[in-house]
Chemist: 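Pasting a structure below so you can have a look.
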Amino acid sequence: MKTKAIAKTKKGMTLLELTVVILVLLSLISILFIGARAWKRGSDRAASILQIRNVQQAVRSYSNMNGKNAGDTVATLQADVFGSGKFIEVDPTGVGAKPHPAGTTYSFSISAPTVIPNIGTLYMVTTGGSDAADFNPKAEDIKDW
């Protein structure tokens with residue numbers, strides 16, 4: 001009975017196969033970082049808009065509780081809305097406030113701190129970087145604020 005010699009096969013990957021695997025992994029990792037950056041920016045925008053909406057609701061609550069109308073001037077409006085035991089504990093535009101969610105390039109500002117804004121007009125907005133408007137709510141979203 002004749003027997004065939006069994007050829008030995010080498011186990012493992014060639015250098016070319018290993019290079020392709022590494023390139024695929026690096027590509028997937030770079031896509032992950034790009035996606036994470038976009039997710040972070042969206043998260044920062046949502047946090048900024050939430051802060052602006054909370055302030056807007058606090059000003060509306062103050063005006064309703066004190067019989068004030070939109071456009072009325074209240075000399076102590078900012079002090080009456082922000083502070084310990086008031087509508088919002090810490091003034092996001094003042095000293096001791098947390099930094100803006102998008103970073104230190106941006107900040108919150110109030111252009112007319114003594115005037116109760118009209119419906120659809122923001123009391124506080126994001127300012128700072130060239131794209132600060134991206135961190136403010138869109139006009140169609142605030143028509144009933």
Side-chain angles (χ1 to χ4, degrees), residues 1-66 68 70-71 74 76-145:
M1 173 156 66
K2 291 184 176 181
T3 59
K4 279 186 173 182
I6 301 174
K8 291 186 179 180
T9 57
K10 294 182 180 180
K11 296 181 181 178
M13 299 175 71
T14 65
L15 187 57
L16 181 62
E17 291 170 331
L18 185 61
T19 304
V20 169
V21 168
I22 290 172
L23 287 175
V24 168
L25 288 175
L26 288 175
S27 298
L28 291 174
I29 290 170
S30 67
I31 291 169
L32 175 72
F33 280 121
I34 292 169
R37 188 176 303 128
W39 176 83
K40 172 79 169 96
R41 184 167 174 82
S43 173
D44 293 343
R45 182 178 188 279
S48 176
I49 291 172
L50 181 64
Q51 182 70 33
I52 292 169
R53 184 172 173 91
N54 287 343
V55 168
Q56 195 77 7
Q57 287 179 336
V59 171
R60 292 279 173 244
S61 296
Y62 170 83
S63 66
N64 290 336
M65 292 174 66
N66 292 290
K68 304 293 181 185
V74 180
T76 60
L77 179 60
Q78 195 168 358
D80 292 342
V81 172
F82 302 111
S84 181
K86 298 185 180 170
F87 293 94
I88 296 181
E89 290 288 319
V90 178
D91 183 351
T93 64
V95 177
K98 291 181 185 177
H100 191 278
T104 56
T105 304
Y106 305 95
S107 62
F108 292 113
S109 68
I110 300 171
S111 61
T114 60
V115 178
I116 296 174
N118 292 319
I119 302 294
T121 303
L122 294 175
Y123 181 71
M124 181 179 80
V125 295
T126 297
T127 57
S130 60
D131 60 345
D134 292 346
F135 293 97
N136 290 321
K138 295 178 182 166
E140 62 266 12
D141 296 336
I142 64 167
K143 60 183 175 237
D144 61 344
W145 287 12

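These numbers come from the heavy atoms of this one structure, side chains and all, not from hydrogens, waters or symmetry mates. Since the structure is predicted, the reported quantities are computational estimates derived from the model, not experimental observations.
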Chemist: Would you say the side chain of Ser109 lies within less than 4.5 Å of the side chain of Val125, judging by non-hydrogen atoms?
Modeler: yes

Chemist: Any side-chain to backbone donor/acceptor pair from Glu17 onto Thr14? Under 3.5 Å, distance only.
Modeler: yes

Chemist: Given the rule in the side-chain contact (heavy atoms from CB on, under 4.5 Å) test, do Arg60 and Ile116 qualify, once you have shown the distances and angles that lead to the verdict?
Modeler: CA-CA 8 Å; Arg60 292 279 173 244; Ile116 296 174; 3.8 Å; yes

Chemist: Do Ser84 and Glu89 come close enough that some side-chain heavy atom pair is under 4.5 Å?
Modeler: yes

Chemist: Starting at OG of Ser30, measure out to CG of Leu25 and round the result to the nearest 0.5 Å.
Modeler: 11.0 Å

Chemist: Please report the shortest heavy-atom distance between Ile49 and Pro137, naming the atom on each side.
Modeler: CG1-N, 3.8 Å

Chemist: Could you tell me the separation between the CG atom of Asp80 and the OG atom of Ser63, rounded to the nearest 0.5 Å?
Modeler: 12.0 Å

Chemist: Does Thr93 form a side chain to side chain donor-acceptor pair (under 3.5 Å) with Gln78? I'd like the steps, not just the answer.
Modeler: CA-CA 10 Å; Thr93 64; Gln78 195 168 358; 3.3 Å; yes

Chemist: For the residue pair Met124 and Gln51, establish whether any side-chain heavy-atom pair is separated by less than 4.5 Å.
Modeler: yes

Chemist: Would Tyr123 and Gln57 satisfy side-chain contact (heavy atoms from CB on, under 4.5 Å), going step by step from the backbone distance to the final call?
Modeler: CA-CA 10 Å; Tyr123 181 71; Gln57 287 179 336; over 6 Å; no

Chemist: Would you check if Leu28 and Leu32 make a side-chain contact, meaning some heavy-atom pair closer than 4.5 Å?
Modeler: no

Chemist: Run the side-chain contact (heavy atoms from CB on, under 4.5 Å) test on Ile52 and Asn136 for me, step by step, so that the C-alpha distance in whole Å, both residues' side-chain angles and the decisive distance to 0.1 Å come before the verdict.
Modeler: CA-CA 8 Å; Ile52 292 169; Asn136 290 321; 3.3 Å; yes

Chemist: Could you walk me through whether Asp131 and Arg45 satisfy the salt bridge (charged side-chain N to carboxylate O under 4.0 Å, His left out) test, starting with their C-alpha distance in whole Å, then the side-chain angles of each, then the deciding distance to 0.1 Å, before giving a yes or no?
Modeler: CA-CA 11 Å; Asp131 60 345; Arg45 182 178 188 279; over 6 Å; no

Chemist: Step through the shown structure and confirm whether more than 12 heavy atoms of other residues, nucleotides or ligands are within 6.0 Å of CE on Met13.
Modeler: yes

Chemist: Just by modelled atom types, is the Asp44 backbone N or O under 3.5 Å from a matching donor or acceptor in the Ser48 side chain?
Modeler: no

Chemist: Where is the tightest heavy-atom contact between Val115 and Gly71, given as atom of each residue plus distance?
Modeler: CG1-O, 4.0 Å

Chemist: Is the distance between the ring centroids of Tyr106 and Phe135 under 6.0 Å?
Modeler: yes

Chemist: Whether the side chain of Thr19 engages the backbone of Leu15 through a donor-acceptor N/O pair (distance < 3.5 Å, no angle test) should be reported.
Modeler: yes

Chemist: First locate atom NE2 of His100, then atom CZ of Phe108, and finally report the distance between them rounded to the nearest 0.5 Å.
Modeler: 3.5 Å

Chemist: Got more than 12 heavy atoms from elsewhere within 6.0 Å of CG, Leu26?
Modeler: yes

Chemist: Backbone N or O of Tyr62 within a donor-acceptor pair of the Lys68 side chain at under 3.5 Å?
Modeler: no

Chemist: Measure the spacing between CD1 of Ile29 and CD1 of Ile34 and express it to the nearest 0.5 Å.
Modeler: 12.5 Å

Chemist: Can you find a heavy atom in the side chain of Val55 that is under 4.5 Å from one in the side chain of Phe82?
Modeler: yes

Chemist: Could you give me the CA-CA distance, side-chain angles and deciding distance for Asn118 and Thr121, then say whether side-chain contact (heavy atoms from CB on, under 4.5 Å) is met?
Modeler: CA-CA 5 Å; Asn118 292 319; Thr121 303; 4.0 Å; yes

Chemist: Check Pro117 against Val59 and note the closest heavy-atom contact, atom names and distance.
Modeler: CD-CG1, 3.7 Å

